[in-house]
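To start, the structure itself, in structure tokens.
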Amino acid sequence: MTAALRDTRTISLEDEQATVKGWVQEIRNLGGISFIVIRDRYGTLQVTAPKKKIEPELFQTLTTLPRESVVAVTGTVKKSDQTALGLELIPSALEVYAEAMSPLPLGVVDKVHVEPDTRLNNRFMDMRRPEIRAVFELKSLLMDLIGEAMQEMDFVQVNTPKLVSSGAEGGSTLFQVDYFGKPAYLAQSPQLYKQMLMSTGLDRVFEMGPAFRAEHSNTVRHVSEFMSFDGEMSWIQSQEDVMHTIESIMAYVFPAMAERGAKHLEILGKEIVAPKMPFPILRYQDCLEMLASKGMQLKDGDDLGTEGEKLIGEIMAEEGHDMYWIVEYPELEKPFYIMEKEGTPYSFSFDLDYKGQEISSGGQREHRYEQLVERMRAKGLDPDSFHSYLDAFRYGMPPHGGWGIGVERLLVKMLDLPNIREAIIFPRDINRLTP
Ligand code: AMO
């Protein structure tokens with residue numbers, strides 16, 4: 001009888017003989033009998049080794065394996081009331097693929113507190129813990145669901161260059177690289193390219209890709225490389241069309257995350273609660289007043305800042321809202337590509353905040369060539385260094401708007417994680433370039 005190749009998800013009592021591959025999580029040797037726990041992606045399996053019933057050499061190897069070694073165990077599947085799977089494996093053969101060295105850089109099952117830096121330095125080991133992997137299973141699902149939502153709305157997925165010749169989001173967060181002897185930069189966002197695509201006829205595009213920011217501050221919500229989910233759409237009447245699109249995306253993603261991510265959420269002991277729709281709309285001026293009522297005085301034109309955003313999050317939570325728009329930001333605060341609200345100091349732009357943190361910004365773009373060039377100059381930018389972007393506006397550009405959503409910021413708030421680094425496998429920040 002040949003043993004079936006199984007994992008901890010597929011093994012069943014119908015298998016007489018099975019082989020399971022994984023890591024040796026734990027060994028309990030009681031003398032006459034030993035219990036070895038094998039772990040794989042889906043769970044754990046108990047290997048029960050009665051000393052008298054199996055080969056002495058096999059018993060010896062099994063019970064002296066260093067923890068976290070990688071093995072394949074073959075044996076007979078037996079019913080058991082003592083294990084979560086309801087079965088156990090009585091071993092008849094063992095293949096050791098790789099013995100783990102000891103001591104381990106950090107424990108997989110021990111409950112002791114480990115410093116975040118130690119965890120990140122040894123991410124391969126940290127991620128052997130199911131509750132850490134669950135976050136990345138959910139991140140993968142989130143990105144799949146976003147893709148599905150976009151497809152439903154007839155958006156085309158595009159990829160734009162990450163090596164670029166000019167910045168789109170201000171000079172202070174640019175990473176410069178040497179590009180065959182010339183200066184180039186890592187893309188801070190796909191902003192200029194997604195807008196250029198609006199003049200091609202592909203009138204609804206989206207991209208999910210890395211965005212790079214030389215963030216000099218060390219915070220729980222900033223990293224130097226994050227996953228940006230960007231959309232851009234033509235023929236809009238106003239920025240409200242863009243806002244409705246984002247609401248539709250959230251309406252698709254939240255329930256599906258809860259449903260299709262149930263297994264992983266259970267491991268995390270978390271629940272995903274869909275935000276109430278439609279999201280309330282706050283004007284920037286309303287926010288200043290709300291903050292003043294709580295004793296936080298900001299000047300007109302000031303950024304709301306981390307503390308301001310948090311406080312507004314608390315006020316909105318009291319009213320039962322986790323997600324809300326902040327619109328009518330002062331034009332001076334916003335980048336050149338955003339349309340001004342003529343005759344006012346405001347702009348056609350929005351932020352989307354979720355539980356007291358900005359997760360997205362966007363708005364209606366300035367699609368009129370002359371006005372765009374003028375806005376660049378007013379912001380101290382040289383239109384000549386944007387000529388290939390500007391060309392796309394000279395020969396027929398539809399009215400358009402779009403957004404950028406920080407995928408990790410969305411996930412962090414969905415799962416109430418304490419730090420954006422918990423949502424990035426190998427985070428990059430001011431102090432970290434490895435692993
Ligand atoms: P903005 O600069 O606001 O807008 O970025 C959009 C969203 O990206 C996320 N984000 C970050 N996440 C983690 N670490 C960072 N350092 C970081 N910086 C930004 C945030 C933010 O809301 N081109 C415009 C978008 C547009 O108008 O379409 C842009 O990049 O969630």
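Atoms within each ligand, like the ligands themselves, are counted from 1 in listed order.
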Counting both backbone and side chain atoms, is some N or O of Ile405 under 3.5 Å from an N or O of ligand 1? no

Short version for Phe226: what comes under 4.0 Å of ligand 1, heavy atoms counted, is side chain

Measure the CD-CD distance between Glu331 and Glu340 for me, rounded to the nearest 0.5 Å. 4.0 Å

Measure Ile359 to ligand 1 on non-hydrogen atoms and call it side chain, backbone, both or neither using the 4.0 Å cut-off. backbone

The atoms of ligand 1 lying under 4.0 Å from a heavy atom of Glu215, numbered in the order shown, are 16 (N)

Compute the shortest N/O to N/O distance between Gly363 and ligand 1 and return yes if it is under 3.5 Å, no if not. no

Top protein contact for atom 14 (N) of ligand 1, by heavy-atom distance: Val223 N, 3.1 Å

Among protein heavy atoms, which lies nearest atom 22 (O) of ligand 1, and at what distance? Glu358 OE2, 2.5 Å

Distance filter under 4.0 Å to Ser361 heavy atoms, resulting ligand 1 atoms: 1 (P), 3 (O), 4 (O), 22 (O), 25 (C), 26 (C), 27 (O), 28 (O)

Contacts of type side chain to side chain contact (heavy atoms under 4.5 Å, CB included), residue Asp178, not counting sequence neighbours: none

Distance-only criterion, 3.5 Å: show the donor-acceptor pairs between side-chain atoms of residues 250-267 and protein atoms not counting sequence neighbours.
unit_1 : atom_1 : unit_2 : atom_2 : d
Tyr252 : OH     : Glu148 : OE1    : 2.6
Arg260 : NH1    : Glu148 : OE1    : 3.3
Arg260 : NH2    : Glu148 : OE2    : 2.7

Of Arg213, Gln195, Arg409, the one whose closest heavy atom lies nearest atom 5 (O) of ligand 1 is Arg213

Using a 3.5 Å distance criterion without hydrogens, assess whether the side chain of Gln188 forms a donor-acceptor pair with backbone atoms of Ala168. yes

Tell me which part of Arg365 gets within contact of ligand 1: side chain, backbone, both or neither, using heavy atoms under 4.0 Å. side chain

Close approach, Arg221 and ligand 1, non-hydrogen under 4.0 angstrom: yes

Is it the case that the side chains of Tyr346 and Gln285 hold a donor-acceptor pair, with the cut-off being a distance below 3.5 Å and no angle test? yes

Keeping Arg375 on the side-chain end and Phe336 on the backbone end, is there a donor-acceptor pair under 3.5 Å? yes

Measure the distance from atom 6 (C) of ligand 1 to every protein heavy atom, then report the residue, atom name and distance (to 0.1 Å) of the closest one. Gly404 O, 3.6 Å

Between Gln191 and ligand 1, which part of the residue brings a heavy atom under 4.0 Å of the ligand: side chain, backbone, both or neither? side chain

For ligand 1, is there an atom lying under 4.0 Å from some heavy atom of Lys194? yes

Which atoms of ligand 1 have any heavy atom of Ser360 under 4.0 Å away? 22 (O)

Between Ser189 and Glu169, do the side chains contain a donor N or O and an acceptor N or O under 3.5 Å apart? yes

Give a yes or no on whether the backbone of Gly356 and the side-chain of Asp353 come within a donor-acceptor separation of less than 3.5 Å. no

Ala100 backbone acceptor or donor facing Ser69 side chain under 3.5 Å: yes

Looking at non-hydrogen atoms alone, which of Phe212, Phe350, Tyr337, Trp403 comes nearest to atom 24 (C) of ligand 1? Tyr337

Region of Glu169 that comes within reach of ligand 1 [heavy atoms, distance under 4.0 Å]: side chain

Say whether, by atom type as modelled, one donor and one acceptor occur between the side chain of Asp7 and the main chain of Thr10 under 3.5 angstrom. yes

Residue-level breakdown please: for Ile420 versus ligand 1, do any non-hydrogen atoms fall below 4.0 Å on the side chain, on the backbone, on both, or on neither? side chain

When you check the side-chain N and O atoms of Arg221 and Asn419, is any donor under 3.5 Å from an acceptor? no

